[in-house]
Amino acid sequence: VNRPQPLAHDALPSAGADCLVSSFCLESASPDLAAFTRALGHIGRLLRPGGHLLLIGALGITYYMAGDGVKIPTVPVNEAQVCASLKESGYTLIRLEVYTVPQDMNVGTDDAYGVFFVKAMKE
């Protein structure tokens with residue numbers, strides 16, 4: 001997702017994909033908000049015009065634990081930043097839903113305060 005062409009040119013139909021799904025990827029693959037926005041643009045190149053993106057991610061997360069003592073840094077984003085990044089990357093937001101993680105469900109594997117679910121269309 002950090003390369004302008006994330007997949008080989010012949011990996012998808014020449015017109016682009018009808019739909020792409022990204023789940024908890026972009027915030028962990030991006031060192032900052034600008035890289036998060038660029039990654040959205042990069043994967044958008046894989047979609048046909050009018051194609052859909054289903055994006056799931058963590059809100060406010062700065063790290064997640066990937067094993068004993070392995071702390072993976074992430075870029076913390078909020079709802080407004082996700083929406084602005086989508087718009088800047090050429091998507092039309094169709095729907096945004098947010099799930100707030102209850103305090104008693106925080107088990108220390110990350111510091112996310114919620115999860116976002118996006119359906120967007122590539123312009």
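In this text the structure is predicted, and so the values were computed from the model without any measurement. In what follows, every heavy atom counts, from backbone to side chain, and hydrogens, waters and symmetry copies are set aside.
A29 approaches N2 most closely through the heavy-atom pair O-ND2, 3.1 Å. The heavy-atom pair separating L93 from C83 by the smallest distance is CD2-SG, 3.7 Å. Summarising the geometry of A58 relative to V77, their closest heavy-atom pair is O-CG2, 3.8 Å, with the distance given to 0.1 Å.
No hydrogens or angles considered: a donor-acceptor pair under 3.5 Å links the side chains of E123 and T92.
In this structure, V1 is not a member of the same hydrophobic cluster as Y64, with clusters built from ILVMFWY side-chain heavy atoms closer than 4.5 Å.
Side-chain atoms of S30 never come within 3.5 Å of backbone atoms of E27 as a donor-acceptor pair (strictly under, hydrogens ignored). No donor-acceptor pair closer than 3.5 Å links the side chain of T109 to the backbone N or O of M65. In this structure, the side chain of S89 engages the main chain of T37 through a donor-acceptor pair within 3.5 Å. Although no hydrogens or angles enter the test, the distance criterion places no donor-acceptor pair under 3.5 Å between the side chain of D18 and the main chain of R48. Side-chain atoms of Y91 come within 3.5 Å of backbone atoms of L40 as a donor-acceptor pair (strictly under, hydrogens ignored). A donor-acceptor pair is defined here as one N or O able to donate and one able to accept, closer than 3.5 Å; such a pair exists between the side chain of H42 and the backbone of R3. Side chain of R95 to backbone of A120: no donor-acceptor contact under 3.5 angstrom is found.
Rounding to the nearest 0.5 Å gives a distance of 13.5 Å between NZ of K119 and CD1 of I56. Put simply, CG on L20 and CG on L55 are 10.5 Å apart, with the number rounded to the nearest 0.5 Å.
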